[in-house]
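Reading through the structure tokens given below for one structure.
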There are 2 protein chains.
Amino acid sequence: MPAEASTSRPASPLTERQEARRRRILHASAQLASRGGFDAVQMREVAESSQVALGTLYRYFPSKVHLLVATMQDQLEHMHGTLRRKPPPGDTAAERVAQTLMRAFRALQREPHLADAMVRALTFADRSVSPEVDQVSRQTTAIILDAMGLADPTPEQLSAVRVIEHTWHSALITWLSGRASIAQVKIDIETVCRLIDLTEPAGRG
Amino acid sequence: MPAEASTSRPASPLTERQEARRRRILHASAQLASRGGFDAVQMREVAESSQVALGTLYRYFPSKVHLLVATMQDQLEHMHGTLRRKPPPGDTAAERVAQTLMRAFRALQREPHLADAMVRALTFADRSVSPEVDQVSRQTTAIILDAMGLADPTPEQLSAVRVIEHTWHSALITWLSGRASIAQVKIDIETVCRLIDLTEPAGRG
DNA sequence: CGCTAATCTAGAACAAGTTTCAGACTTGAT
DNA sequence: ATCAAGTCTGAAACTTGTTCTAGATTAGCG
């Protein structure tokens with residue numbers, strides 16, 4: 001069995017041609033998503049664009065949602081790299097986290113359709129995609145902890161981070177579906193980031 | 001045109017038979033959802049169960065997501081009534097909100113498949129369902145403000161409520177997809193509710 | 001009652017995700 | 001170089017959400 005869309009551990013090491021196929025598929029997926037969002041990523045088209053038979057596509061990614069979540073892993077990795085190179089300048093952890101998320105948000109605004117495809121897939125994913133979604137979640141957590149500048153967070157801090165992630169995902173959805181403005185998302189992010197102040201300065205409970 | 005799945009204002013008043021059809025449809029939807037979640041709500045089956053032609057079903061609810069969001073409105077109304085009758089006993093606003101949400105959560109735990117169908121529909125909804133999703137959001141906001149005991153919330157408090165709703169939805173999703181335990185959801189809810197303390201006692205900023 | 005417009009029904013048809021299958025091609029081991 | 005096992009291809013089939021159509025029914029009105 002080839003890779004299960006898990007970036008970090010290919011179940012069996014892919015051959016070069018397989019790796020190339022996988023990249024072509026992810027590229028086609030991102031490209032189609034950028035055009036028209038979730039609905040525009042049609043499996044037949046992805047297969048055709050990436051020069052792969054439909055059955056092969058399904059062997060690499062067992063469903064459309066798996067494919068889009070893998071696409072998101074891909075993009076997230078890229079973003080984490082970018083953010084690492086230019087860490088946010090804020091004075092407090094809360095500020096830095098808010099700045100980091102706003103930076104990510106601005107990146108998403110540049111490709112709103114792609115954002116739509118990825119986020120919708122992420123929240124629509126059922127149990128069969130849990131491992132992959134979890135990986136995305138861990139990656140997001142890592143980005144936030146990086147911004148906080150923490151190596152060894154307390155349980156309270158981890159709770160705060162989880163709540164921040166919840167808010168981040170849900171706020172994105174309200175923005176993507178046109179129910180919240182960009183300004184609104186910004187406020188929500190800043191609001192939830194205040195939770196960090198609640199856990200940081202005080203000692204453990 | 002008949003009702004657009006908006007509980008509060010039927011575009012044109014439905015006849016008795018139409019009202020009955022609408023109820024049959026919602027009932028069938030909830031029943032099927034209770035059995036097998038989102039996937040088990042199949043439009044043909046809903047139509048058959050509710051003794052209505054497929055075309056009619058689509059006239060009442062223009063998509064599966066519309067149908068499930070309307071189902072959620074229905075359930076939410078019921079729950080708001082229940083909660084009103086037995087307000088939570090906590091001393092602080094934060095406590096009462098957390099208790100209220102945990103009560104709702106326990107109700108959902110009794111019908112996890114139904115919860116799955118409703119929540120997945122809610123977060124998967126695209127722009128065409130925005131009005132209905134917004135209505136659900138307003139209803140949820142009303143429930144939380146009720147628990148806080150506030151008639152005239154400040155903008156900060158409204159922000160906190162929005163963040164609480166974000167957390168609520170997203171935490172439910174992680175639970176439904178098996179990526180978070182019940183205990184975890186409880187912690188997240190309690191964590192986010194602390195935001196209320198941040199806005200309540202202090203005066204306006 | 002008798003008319004007209006709107007609504008409802010049954011069922012076919014279409015669209016896109018997913019599955020399946022027979023045959024061609026690769027790969028790895030001997 | 002050759003064989004077996006695994007992989008890829010192309011195409012059809014299947015599933016379920018959605019749309020469409022022609023004819024039957026119903027509601028409102030004079």
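In what follows, every chain begins at residue 1, and chains take the letters A, B, ... in the order their sequences are listed.
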message: Without decimals, in angstroms, what is the distance between B:Q42 CD and D:dT18 C1'?
response: 14 Å

- request: Specify the residue among B:S63 and B:T15 whose closest nucleotide of DNA chain D lies further upstream toward the 5′ end.
  value: B:S63

Contact nearer the 5' end of DNA chain D, comparing B:D39 with A:A53: A:A53

- line: B:R21 CZ to C:dT7 C1', in whole Å, measures 8 Å

message: A cation-pi test, strictly: NZ or CZ of A:K64 under 6.0 Å from the centre of the six-membered ring of A:F124 and no more than 45 degrees from its axis. Yes or no?
response: no

- prompt: Within the pair B:Y60 and C:dT7, is there a side-chain N or O less than 4.0 Å away from OP1 or OP2?
  reply: no

query: Is it true that B:D74 and B:R23 have a side-chain N and a carboxylate O under 4.0 angstrom from each other?
result: yes

- prompt: Counting distance only, does the side-chain N/O of A:Q73 pair as donor-acceptor with the main-chain N or O of A:E132 below 3.5 Å?
  reply: yes

task: May I ask you to say what A:V65 touches in the nucleic acid, namely base, sugar-phosphate or nothing, with a heavy-atom cut-off under 4.0 Å?
output: nothing

task: From the options D:dC8, D:dT18, C:dT7, select the nucleotide whose nearest atom is closest to the side chain of B:Q18.
output: C:dT7

field: Row check, B:Y60 ring normal vs B:R22 NZ/CZ: under 6.0 Å, within 45°
entry: no

Distance test, side-chain N/O of A:R44 to OP1/OP2 of C:dG17, below 4.0 Å: no

field: Residues B:E48 and B:R44 bridged, charged N to O under 4.0 Å
entry: no

query: Between atom CD in A:E48 and atom P in C:dA16, what is the gap in whole Å?
result: 13 Å

- prompt: Looking for any heavy atom pair under 4.0 Å, which part of the strands does A:E16 touch: base, sugar-phosphate only, or nothing?
  reply: nothing

message: For A:G55 and A:V41, find the nucleotide of DNA chain C closest to each by heavy atoms; which residue's nucleotide sits nearer the 5' end?
response: A:V41

statement: Atom CD of B:E45 and atom C1' of D:dT15 are separated, to the nearest Å, by 12 Å

message: Nearest to the B:Y58 side chain among C:dT18, C:dA10, D:dG17, which nucleotide is it?
response: D:dG17

- request: Please tell me which of the listed nucleotides, C:dG17, C:dT9, D:dT26, lies nearest to the side chain of B:R17?
  value: D:dT26

- prompt: To the nearest Å, how far apart are B:L68 CG and D:dT16 P?
  reply: 16 Å

- prompt: Does B:T56 make a side-chain N or O approach to OP1 or OP2 of C:dT9 shorter than 4.0 Å?
  reply: yes

statement: From CG of B:L54 across to C1' of D:dT21 the rounded distance in Å is 14 Å

query: Rounding to a whole Å, what distance do you find between A:M43:CE and D:dC14:C1'?
result: 16 Å

Candidate nucleotides D:dT18, D:dT7, C:dT18, ranked by approach to the side chain of A:R59 - the nearest: D:dT7

- request: For A:L32 and C:dG17, give me the distance from atom CG to atom P, rounded to whole Å.
  value: 11 Å

